Protein chains: 2
Amino acid sequence: MEEGTYKSPGHCEGTDRDYDALQWDTREDCEVRQILDRVADKWSLLVIALLDRHTLRFTELRRKIDGISQRMLTVTLRQLERDGLVERTVYPVVPPRVEYALTPLGATLHDTIQALVTWTEGHQNEIAAARAAYDAREAAEAQARPPEHTRV
Amino acid sequence: MEEGTYKSPGHCEGTDRDYDALQWDTREDCEVRQILDRVADKWSLLVIALLDRHTLRFTELRRKIDGISQRMLTVTLRQLERDGLVERTVYPVVPPRVEYALTPLGATLHDTIQALVTWTEGHQNEIAAARAAYDAREAAEAQARPPEHTRV
DNA sequence: CGGAATCCTGCCTGATACTG
DNA sequence: CAGTATCAGGCAGGATTCCG
């Protein structure tokens with residue numbers, strides 16, 4: 001990331017204006033897709049969710065977000081900071097102390113993200129059931145299905 | 001992906017019960033994290049957002065979601081179907097016709113996701129401004145910063 | 001403690017060919 | 001059309017090391 005290098009994964013030069021309903025994907029300033037990719041990021045979402053009002057230190061975040069590598073936490077925090085969603089405060093003390101907190105903008109996003117978390121918590125049982133049903137169906141079909149050209 | 005192989009990226013055996021505030025990350029049935037990773041997926045989010053009431057065919061989704069590979073669309077749709085969020089209907093006609101639509105459960109998720117999309121659309125300018133400010137600050141610091149051990 | 005730098009692996013994309 | 005299969009190439013991300 002040199003400086004302001006938007007690599008723009010989405011093309012942006014999408015000239016297909018035959019969209020009738022929704023197609024904010026590529027067009028519509030094109031930035032929406034880019035921001036959405038950031039916001040809809042696995043790690044970003046967790047960081048935003050955790051920074052609900054209390055500030056957290058780097059290691060605290062690392063510990064709370066099980067499975068994240070220190071590199072990805074760094075990268076994620078930098079991105080969120082650049083996007084103006086998270087504020088990074090460095091205290092020039094002997095053991096370095098860096099605290100992260102949501103900016104006012106980040107706080108508004110937190111509400112939305114929290115809704116997503118709440119939804120997930122409230123529907124995990126239904127999803128688990130759907131998965132079980134799907135897997136059972138799959139297994140049954142695999143059973144009944146003749147081994148077309150399964151070989152071996 | 002053999003059949004029901006939950007590889008469980010999150011450990012689940014997290015025994016650190018020193019969490020005081022939020023730590024739904026690893027514990028709390030542990031499934032929340034897994035589902036959240038699915039829901040907070042770049043492609044899943046776009047698919048759900050696009051399937052707002054109208055059903056869409058495979059190719060239609062592919063065309064609307066610029067940048068997605070056919071493989072990832074297939075994978076994403078399968079996962080969403082397994083999670084009971086998307087329903088896949090196959091019409092046994094000569095040119096195969098497969099339609100995807102949100103299930104009732106998926107529709108409830110759509111509302112939440114739509115809120116995220118709306119937030120993004122409504123704040124893209126602020127984010128763009130924050131990025132510009134951040135980049136300018138970075139550039140200024142890089143300018144003023146002495147080339148410590150830059151070599152060459 | 002909070003990173004930055006490096007290496008290295010694995011997944012994703014993109015292209016192509018083949019089914020039903 | 002709606003996939004599945006395969007291979008090449010790139011890059012995102014994990015693990016490790018070292019520095020302020």
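Keep in mind it's a predicted model, so treat the numbers as computed, not measured. Note on naming: letters A, B, ... go to the chains in the order of the sequence lines (proteins, then strands), and numbering restarts at 1 for each one. Excluded from the calculations below are hydrogen atoms, water molecules and symmetry mates; all remaining heavy atoms, backbone and side chain alike, are included.
The distance from atom NZ of A/Lys42 to atom C1' of D/dA12 is 12 Å, rounded to the nearest whole Å. Rounding to whole angstrom units, CG of residue A/Leu77 and P of D/dG13 are separated by 14 Å. Distance A/Arg62 CZ to D/dA15 P: 9 Å, rounded to the nearest Å. When rounded to the nearest whole Å, the span between CG of A/Asp37 and P of D/dC11 equals 16 Å. One can place CD1 of B/Ile68 at 7 Å from P of C/dT13, the figure rounded to the nearest angstrom. Nucleotide D/dA2 holds its C1' atom 7 Å from the OH atom of B/Tyr100, rounded to whole Å. Here D/dA2 presents its C1' atom at 15 Å from CG of B/Leu56, a figure rounded to the nearest Å. Following rounding to the nearest Å, B/Asp41 (CG) and C/dC11 (P) show an atom-to-atom distance of 15 Å.
Judged by distance alone, with hydrogens and angles left aside, the side-chain atoms of B/Thr120 form no donor-acceptor pair with the main-chain N or O of A/Ile35 at under 3.5 Å.
Atoms CZ and CZ, on B/Arg82 and B/Arg88 in that order, are 15.5 Å from each other to the nearest 0.5 Å. In this structure, CZ in A/Arg78 is found 8.0 Å from CD in B/Glu138, a value given to the nearest 0.5 Å. Once rounded to the nearest 0.5 Å, the distance linking OG1 of B/Thr112 with CD1 of B/Ile48 reads 10.5 Å.
Judged by closest nucleotide on DNA chain C, A/Glu99 is the one of B/Arg71 and A/Glu99 placed further toward the 5' end. Taking the nucleotide of DNA chain D with the nearest heavy atom to each of B/Phe58 and A/Gln70, the more 5' of the two is matched to B/Phe58.
Here the side chain of B/Trp43 is nearest to one of C/dT13, C/dT16, D/dC1, namely C/dT13. Here C/dC12 is the nucleotide among D/dC1, C/dC12, C/dT16 with the atom lying nearest to any side-chain atom of B/Met72. Nearest to the side chain of B/Arg78, among D/dA2, C/dA5, D/dT4, sits D/dT4. Comparing atom distances between the A/Arg57 side chain and each of D/dG14, D/dC1, C/dC1 picks out C/dC1 as nearest. For B/Ser69, taking side-chain heavy atoms from C-beta onward, the closest of the listed nucleotides C/dT13, D/dT17, D/dA2 is C/dT13. Checking C/dT13, D/dT4, D/dC1 against every side-chain atom of B/Pro96, the shortest atom distance belongs to D/dC1. Checked against D/dG14, C/dA4, D/dG3, the side chain of A/Thr74 finds its nearest nucleotide in C/dA4.
Within the structure, ring-ring contact (aromatic ring centres under 6.0 Å, His included) pairs that include any residue of residues 112-131 of chain A comprise A/Trp119-A/His123 (at least two apart or interchain).
Using a 4.0 Å heavy-atom criterion, one finds that A/Tyr91 contacts no nucleic acid atom at all.
B/Met72 and B/Leu61 fall within a single hydrophobic cluster, where Ile, Leu, Val, Met, Phe, Trp and Tyr are joined by side-chain heavy atoms under 4.5 Å apart, directly or via other members.
Among residues two or more places apart in sequence or in another chain, the side chain to side chain donor-acceptor pair (under 3.5 Å) test is passed with A/Ser44 by A/Asp41.
Each of B/Val47, B/Leu50, B/Val98 was evaluated against B/Leu56; a single residue qualifies, B/Leu50, per the side-chain contact (heavy atoms from CB on, under 4.5 Å) test.
One finds no side-chain N or O of B/Arg97 lying less than 4.0 angstrom from the OP1 or OP2 phosphate oxygen of C/dG20.
For the strand DNA chain D, secondary-structure stems (runs of at least three Watson-Crick or G-U pairs, all distances below 3.5 Å) span C:2-20 with D:1-19.
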